[in-house]
Amino acid sequence: MVDNFDQIVMRTLEHISLVGVAIGLAILTGVPIGIAITQNEKAANIVLYVAAIMMTIPSIALFGIMIPVLSKVGHGIGYVPAVIAVLLYSQLPIIRNTYTAIHNVDPALREAARGMGMSSLQRLRMVEIPLAIPVIMGGVRSAVVMSIGIMAIAAYIGAGGLGTFISRGISQTDARQLITGAVAVSFLAIAADFFLVWLQSRLTPAGLKRA
Amino acid sequence: MIRLDNLTKIFETKEGTTVAADHVNMEVQEGEICILLGPSGCGKTTSLKMVNRIVPPTSGRVFLGGKDTTDYDTITLRRQIGYVIQQIGLFPNMTIEDNIGVVPRMLGWDRQRTAKRALELLEMVALDPAIFLKRYPKELSGGQQQRVGVARALAADPPVLLMDEPFGAIDPINREIIQDEFLKMQKQLGKTILFVSHDIDEAVKMGDKIAIFRAGKLEQFDTPDNVLAHPANSFIADFVGGDRTLKRLRLLTVGEVMDAEPPRVKADDSLSSALQLMNDTDYDNLIVVGPRGRAQGVVYRSVAEGRQGLCNDHHSGLKATVRESDDLRTAVSQMFAHDLTWLPVVDDEGFYKGYITQRGITHTLGRTYRDAEQGA
Ligand SMILES: Nc1ncnc2c1ncn2[C@@H]1O[C@H](COP(=O)(O)OP(=O)(O)OP(=O)(O)O)[C@@H](O)[C@H]1O
Ligand SMILES: [Mg+2]
């Protein structure tokens, strides 16, 4: 029993670290892309289209595609493809929310900022990003919850995490393992969402919160 | 200080082209307030925004202090120009204090100086710093936000201000108050200001010059009194209103029109000497003053003719008085209210300063028409 508990904790941490790294990288790429495409409507349409297509690829298929490609660098299975897959899936919600949020900043505010002699970078830093934070965080939230689910499938390519219980449960027809894995994944998703709601409200500038 | 030279803006949209500014030429001197006036859509905002290059002109130039604005780097240019946009545009993520401090912070002022400036400016726009400094824009009424917008534009003490209907969201009573405050402030600061309005009364009150636009064209650029007294065409005459001559009453003070050395009688003068004085000076009534010169009452000709005795025993009370600094509108309003054709002018202590009559007012207002006739 103690042994089982240790296993669950270990797999949970593994899961968190996989999702954490993938989402971290997704934020570092998705937010700048989302901001960049506000400059050009055509580019925005293309990028959002590609990101949306990416979401439609079933995860199992994506892992399958990556095996031969990443084998060339010796990472056909395991951690690297799992992180890359989640990174790709997370782009759409993050890019789309960033783009929408920055795009929807009241033009009057942008004009006031320009009129005061702010450079575009100052405008982003002092006005546009703070105003966009709540919406960007919304994108991160959906990306995280989705990624926790997708990461469970990554156990099939040996990435570890809570999916290990599920895949073992299926192959060994062991309902206990299967249920443990499924429940743990759901709990993790719910807990992560609660944490992110809290974080979102922490990061939202006080002036934007509802009174 | 600000010169527009054939400034033109043509907007090309799917629905067609709009000429928002059509070869506009004008020059605003340092320290002057110029009001851009005209009906909605006539190009006031567009003309204003071409000065700080928020809107790039299609053709023509803007000079600031003799230098073409295209020779400035846009950021340097804009830091010298305070800008109050029509939509107010306070940053909702910042407190009022931080909103006011944006430009000072970008200019590298230290925290203490920036904070002190915000405090000072809030006081200047009549908002209590203790209440408002730490609030967020959404916690302010529209009018309060507008005042913060004005404070923010003044923060780094720019020599030039562009203000797009800065008092539009303020109720008429408070608007008068803040206009007065603003004028008082301007007396000390001497900024060069372009101020958009579509309210002729505001324009007359605030402007040293008024620029009236119609469909992108500058139709008249003149002093408020000239715009009211000599509208350049029927459009302007209609726009400034059929009561335009009455509006001119605001532009003159009692002090400018009154008789500053009116005859007067002392309380212990006799009625017969008062009558004599009236005959000599052609006045129909005389103000009775006390030993030190305070206005105490009035003796009418009919009384002086019909009775004997001292002025002190036969004068009537003063129904109304005005101050030298009051505008003529106030004076005329007092006259109408009390069925008088004249009023004594007194100072704050009640000392008799002058005498103003409806005839004197009519005469002064008519001078510009007589001059025009002679010139013609
Ligand atoms: N960005 C734009 N694109 C196309 N047309 C524009 C643009 N900005 C202004 N216009 C048009 O130019 C004309 C002048 O607009 P402007 O905003 O300068 O008017 P305004 O005098 O400030 O009016 P208001 O009193 O309503 O603020 C209008 O016909 C307007 O529709
Ligand atoms: Mg306008």
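Below, read A as the first sequence line, B as the second, and so on, with proteins coming before strands; counting in each chain starts at 1. A quick note: this is a predicted structure, and the numbers were derived from the prediction, not measured.
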Would one find more than 12 heavy atoms of other residues, nucleotides or ligands at under 6.0 Å from atom CD of B:Glu30?
-> no
Side-chain (A:Ser71) to main-chain (A:Gly74) donor-acceptor, under 3.5 angstrom = no
Taking B:Thr69 for its side chain and B:Phe63 for its backbone only, find out whether a donor-acceptor pair lies under 3.5 Å.
-> no
Between B:Glu97 and B:Lys134, does a side-chain contact (heavy atoms from CB on, under 4.5 Å) hold up when you go through it step by step?
-> CA-CA 6 Å; B:Glu97 178 172 25; B:Lys134 300 296 174 198; 2.4 Å; yes
Hey, are B:Asp164 and B:Lys49 close enough for a salt bridge, meaning a charged N less than 4.0 Å from a carboxylate O?
-> no
Which answer fits [X], side chain, backbone, both or neither, if we ask what part of it has an atom under 4.5 Å from a heavy atom of chain A?
X	value
B:Pro137	neither
B:Leu77	neither
B:Ile54	both

With chain A as the partner, which of [options] has the greatest number of non-hydrogen pairs under 4.5 Å?
options	value
B:Gln87, B:Arg53, B:Met106	B:Met106
B:Leu162, B:Asn52, B:Val102	B:Val102
B:Arg135, B:Met94, B:Arg79	B:Arg79

Could you go through the salt bridge (Lys or Arg N to Asp or Glu O under 4.0 Å) check for A:Glu14 and A:Arg11 one step at a time?
-> CA-CA 5 Å; A:Glu14 218 168 57; A:Arg11 292 296 182 196; 2.8 Å; yes
Contact leader toward chain B among A:Gly115, A:Pro205, A:Pro130, where contacts are heavy-atom pairs under 4.5 Å = A:Gly115
